[in-house]
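The block underneath contains the structure these notes are about, expressed in structure tokens.
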Amino acid sequence: MSEKAVNKNLPIVSKRLGLPDAYKLETYLATGGYDGLKKALQMNPEDVSNEVMKASLLGRGGAGFPAGRKWSMLKANPVKYLVINGDESEPATFKDHDLIELDPHQIIEGVVIASYALGVNQAFIFCRGEFALGLERLQSALNEAYDYGAVGSDIFGSGFSVDLVVHPGAGAYICGEETALLQSLEGKRGYPRIKPPYFPAVMGLYNQPTVVNNIETVSNLPWIIQNGGDAFAAMGQDSSAGSRIFALSGHVKKPGNYEVEMGKVTFRDIIFDPEYGGGILDDLELKAFIPGGVSAPWFGPELLDLPLTQEAIASKGSMLGSGSIVVFNESTCPVRAAWRISKFFYRESCGQCTPCREGSGWIEKIMHRIETGSGRMEDIELVLDVCDNIAPGLTWPPKQTTICVLGPSIPSSIVSAVNMFKQDFVDHIEKGKCTFGK
Amino acid sequence: MGHLSEEVLNKARILLEVYPNKRSALIPLCHLAQGQDGYLTPEAIIEIAELVDVTPAEVRGTASFYDMFHLEPVGKHVVAMCTNIACMLRGADELLEHAQEVLDVGIGGTTQDGQFTLEEAECLAGCNNAPCVQVNHRFFGPLDNDGFDELISDLKSGKLKDIVPEHGVLNRVERQHGLKATPDQIQAERDVMESAKKERLAKKSTS
Ligand SMILES: Cc1cc2nc3c(=O)[nH]c(=O)nc-3n(C[C@H](O)[C@H](O)[C@H](O)COP(=O)(O)O)c2cc1C
Ligand code: SF4
Ligand code: FES
């Protein structure tokens with residue numbers, strides 16, 4: 001395991017997740033809660049933005065766009081709404097879920113800080129509908145925050161007001177895509193909007209300039225304001241500043257959310273270190289892992305020593321994405337894994353674009369018949385051909401043929417499985433059954 | 001009117017108040033109606049349409065896009081079992097098979113006694129507790145076959161009725177502060193912030 005400097009500042013966003021009752025105002029205040037907001041309100045809004053710019057805080061929703069730059073993109077056009085993306089449904093991602101249920105005040109404090117910096121008087125937290133407890137905790141925290149004077153009119157006597165609404169989703173992965181999310185918040189079907197405009201900052205909620213940020217992104221703000229943007233930027237590596245929560249699942253002994261300093265920890269550390277994943281389930285060999293959510297291409301064991309930064313992972317042809325690592329041990333059938341992921345995309349495609357709607361269905365069908373032993377040898381080429389129709393060239397990052405990137409994300413796992421484990425496909429077809437006993 | 005209860009209507013009024021646009025309350029109102037009836041009844045759809053000022057067809061057409069809304073009656077407990085990648089790796093498919101045997105229903109089916117509807121779910125963001133199951137959107141997991149059987153018997157005996165309410169994810173969500181800042185107030189604040197900004201800029205350029 002590599003040398004790790006102990007960082008006294010960590011954890012930043014997840015520090016209260018282990019405390020009992022951290023979701024209550026009392027505990028929150030006892031642990032420094034709302035001090036960041038009080039400090040921010042003493043500053044000029046531009047200076048608050050500048051701290052976030054200095055922090056080089058990258059968005060934690062998947063695309064990794066710098067939050068400070070997003071906020072300052074349209075200086076001429078005042079932002080009207082702030083919308084927080086808490087729809088978390090990327091398979092194997094469960095960090096926002098914990099932040100919502102266990103530390104809702106930190107989110108609210110972050111939202112108010114961001115609203116102040118942006119000059120926004122109306123903000124929304126879009127919370128995944130399936131998080132029933134999360135919706136309850138968020139709303140009671142919000143009630144407490146209103147009573148405390150941290151949200152609403154004339155916050156802490158500063159003259160600044162913002163209203164905050166907790167809005168429930170209703171079960172659709174695609175509503176995590178920011179323009180679909182806005183459609184859903186407007187009471188419509190969650191159909192992603194045609195781009196351009198590329199950014200909701202140009203035309204967002206009710207066609208007004210809107211900033212969309214992820215739950216974990218805004219959860220970092222109280223700390224950044226308290227400790228300064230430079231302190232945050234001093235941690236991490238390259239453009240991946242600060243710390244980040246990685247959601248670790250699949251065949252590890254201790255699945256869970258682990259916050260680590262970016263770049264200081266490798267995949268090997270997070271999977272094997274007793275402090276994190278604790279090694280492979282049943283002490284089997286590692287077969288492969290997905291580095292950043294099911295839209296990301298897979299990695300083999302030879303890339304275990306890669307540090308966890310956006311650049312390092314991109315340089316090897318995949319992405320950090322939503323920060324979710326899925327571990328496969330040697331008992332995993334790669335055909336079955338890729339099939340299951342394709343089934344997810346098939347079920348969640350919103351159906352607006354032909355390549356995505358039709359392609360996902362075809363891929364799921366072909367993968368299913370290979371997995372269950374009814375495949376033909378031509379099916380391997382065929383499934384790649386369908387993938388190529390969705391994302392021509394099968395390159396990474398994928399080429400865009402559709403309204404949103406859900407479609408072009410479909411081929412990643414299929415292409416990975418075929419490239420890395422072609423013999424397993426051949427075996428399934430030749431033996432007429434799953435060779436892993438399914 | 002007259003189908004949605006007074007309690008639901010009170011919550012609906014607050015929701016209609018907090019959004020800049022009525023239609024935004026459509027999905028929350030569907031959650032409330034589903035909380036009352038277990039599914040979206042035609043009567044509820046008509047009332048929601050009136051409340052948010054669209055046609056009933058639009059309410060139905062919007063609701064049908066979303067997995068959480070049921071347009072047909074469901075059992076008292078909707079058991080949603082994730083089989084996505086992290087849960088699959090931890091035996092979700094085998095657990096789902098077991099569930100079908102124990103409950104004697106197929107996926108999407110409701111038991112004869114109306115107690116359980118079984119659903120196969122996509123990732124529920126509970127992958128650290130895989131395989132993970134939701135009952136009326138309350139989390140359970142990791143579950144093996146025995147754990148599942150115990151869960152079902154606890155649900156039947158009513159032992160979990162405080163943890164697993166009947167239907168609807170907003171039933172226990174109470175917004176206590178329905179007030180928005182008035183447009184005048186917001187405008188006044190914007191003016192103050194704008195002039196403060198001008199002042200600061202003026203200072204910067206002279207210094
Ligand atoms: C198909 C799809 C699903 C997405 N799901 C989520 C999600 O669940 N949560 C999230 O924060 N961002 C999600 N995103 C990214 C959002 O579109 C958006 O980039 C993000 O919320 C911006 O916040 P950030 O800049 O703070 O990361 C998704 C994007 C796509 C294309
Ligand atoms: S790519 Fe797929 S999910 Fe995205 S808009 Fe097109 S059909 Fe919908
Ligand atoms: S994969 Fe089952 S909860 Fe995430």
Side-chain angles (χ1 to χ4, degrees), chain A residues 44-46 88-94 96-97 119 121-122 128-133 135-136 139 142-143 146 152-153 159-163 165-173 184-190 206 247 249-251 255-257 294 326 328 332 336-337 340-341 344 347-348 438, chain B residues 18-28 30-31 52 54 61-69 80 83-86 88-90 93 121-130 134 136-139 165 168-170 172-177 179-181 185-186 189-190 192-193 196-197 200:
Chain A
N44 291 326
E46 300 89 273
E88 189 171 65
S89 354
E90 174 80 12
T93 312
F94 47 94
D96 298 341
H97 184 194
N121 302 101
Q122 177 73 60
R128 182 170 175 183
E130 285 90 342
F131 297 166
L133 182 64
L135 284 162
E136 287 164 14
Q139 186 61 56
L142 185 58
N143 291 338
Y146 267 99
S153 315
F160 174 71
S161 306
V162 60
D163 262 315
V165 172
V166 174
H167 181 85
Y173 166 65
S184 187
L185 187 47
E186 289 182 7
K188 301 170 186 160
R189 292 182 153 221
Y206 315 121
S249 67
H251 289 148
N257 282 318
V294 299
V326 186
F328 299 161
T332 310
R336 189 171 184 79
R340 184 59 186 86
I341 293 169
F344 163 76
R347 284 178 73 171
E348 298 298 334
K438 291 264 161 46
Chain B
V18 298
Y19 290 99
N21 181 327
K22 271 191 196 173
R23 174 142 190 184
S24 284
L26 191 151
I27 287 169
C30 287
H31 278 302
V52 301
V54 299
T62 306
S64 65
F65 180 83
Y66 294 96
D67 287 346
M68 285 178 78
F69 294 131
T83 57
N84 208 313
I85 189 75
M88 182 199 101
L89 293 171
R90 295 253 176 178
D93 290 319
E122 290 302 336
C123 176
L124 296 163
C127 338
N128 44 342
N129 295 312
Q134 276 198 332
N136 295 353
H137 301 296
R138 307 289 153 162
F139 280 94
V169 292
L170 296 186
R172 297 178 178 182
V173 174
E174 200 84 53
R175 183 169 167 119
Q176 287 162 0
H177 300 261
L179 289 179
K180 288 197 282 183
Q185 196 181 346
I186 288 176
E189 276 168 22
R190 282 195 174 247
V192 170
M193 282 174 67
K197 188 173 168 188
R200 280 193 300 273

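Per chain, numbering begins at 1; letters A, B, ... match sequence-line order.
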Q. Non-hydrogen atoms of chain B under 4.5 Å away: do they reach the side chain of E348(A), the backbone, both or neither?
A. side chain
(Q) Between A121(B) and chain A, with a heavy-atom cut-off of 4.5 Å, which part of the residue counts as in contact: side chain, backbone, both or neither? (A) backbone
Q | Between G171(A), S184(A), S249(A), A170(A), the one whose heavy-atom pairs under 4.5 Å with chain B are most numerous | A | A170(A)
Q: Report yes or no: do R189(A) and S64(B) form a side-chain donor-acceptor pair below 3.5 Å?
A: yes
Q: Tell me, out of L26(B), L89(B), D67(B), who's got the most heavy-atom pairs with chain A below 4.5 Å.
A: L89(B)
Q. Quick one: ring-ring contact (aromatic ring centres under 6.0 Å, His included) partners of F328(A), sequence neighbours excluded?
A. W298(A)
Q. So, are D93(B) and R336(A) salt-bridged, with charged N and O less than 4.0 Å apart?
A. yes
**Q.** Region of L185(A) that comes under 4.5 Å of a non-hydrogen atom in chain B
**A.** both
Q) Can you say whether V165(A) sits under 4.5 Å from chain B via the side chain, the backbone, both, or neither, judging by heavy atoms? A) both
Q | Part of R347(A) within contact of chain B (heavy atom distance under 4.5 Å) | A | side chain
Q) What option among L170(B), I27(B), T83(B) has the most heavy-atom pairs under 4.5 Å with chain A? A) T83(B)
Q. What residue in A132(A), S89(A), G152(A) has the most heavy-atom pairs under 4.5 Å with chain B?
A. A132(A)
Q) Can you tell which of G126(B), A25(B), G61(B) has the highest number of heavy-atom pairs within less than 4.5 Å of chain A? A) G61(B)
Q: Please state whether the side chain, the backbone, both or neither of Y206(A) comes within less than 4.5 Å of a heavy atom of chain B.
A: side chain
**Q.** Counterpart residues, side chain to side chain donor-acceptor pair (under 3.5 Å), relative to H251(A) (two or more places apart)
**A.** N329(A), T332(A)
Q.
Let's test your reading of the structure: which of G169(A), A337(A), G190(A) forms the most heavy-atom pairs below 4.5 Å with chain B?
A. G190(A)
**Q.** Close side-chain approach of F65(B) to K188(A), heavy-atom, < 4.5 Å
**A.** no
Q: Taking the side chain as every heavy atom from C-beta outward, state whether E136(A) and E174(B) have any pair of such atoms under 4.5 Å apart.
A: no
Q) Which atoms of R138(B) come close to chain A, meaning under 4.5 Å heavy atom to heavy atom: side chain ones, backbone ones, both, or neither? A) side chain
Q) Judged by modelled atom types alone, do E122(B) and N84(B) share a side-chain donor-acceptor pair under 3.5 Å? A) yes
Q: Compare all side-chain heavy atoms of R172(B) with those of Q139(A) and state whether any distance is below 4.5 angstrom.
A: no
Q) Are Y146(A) and R175(B) linked by a side-chain donor-acceptor pair shorter than 3.5 Å? A) yes
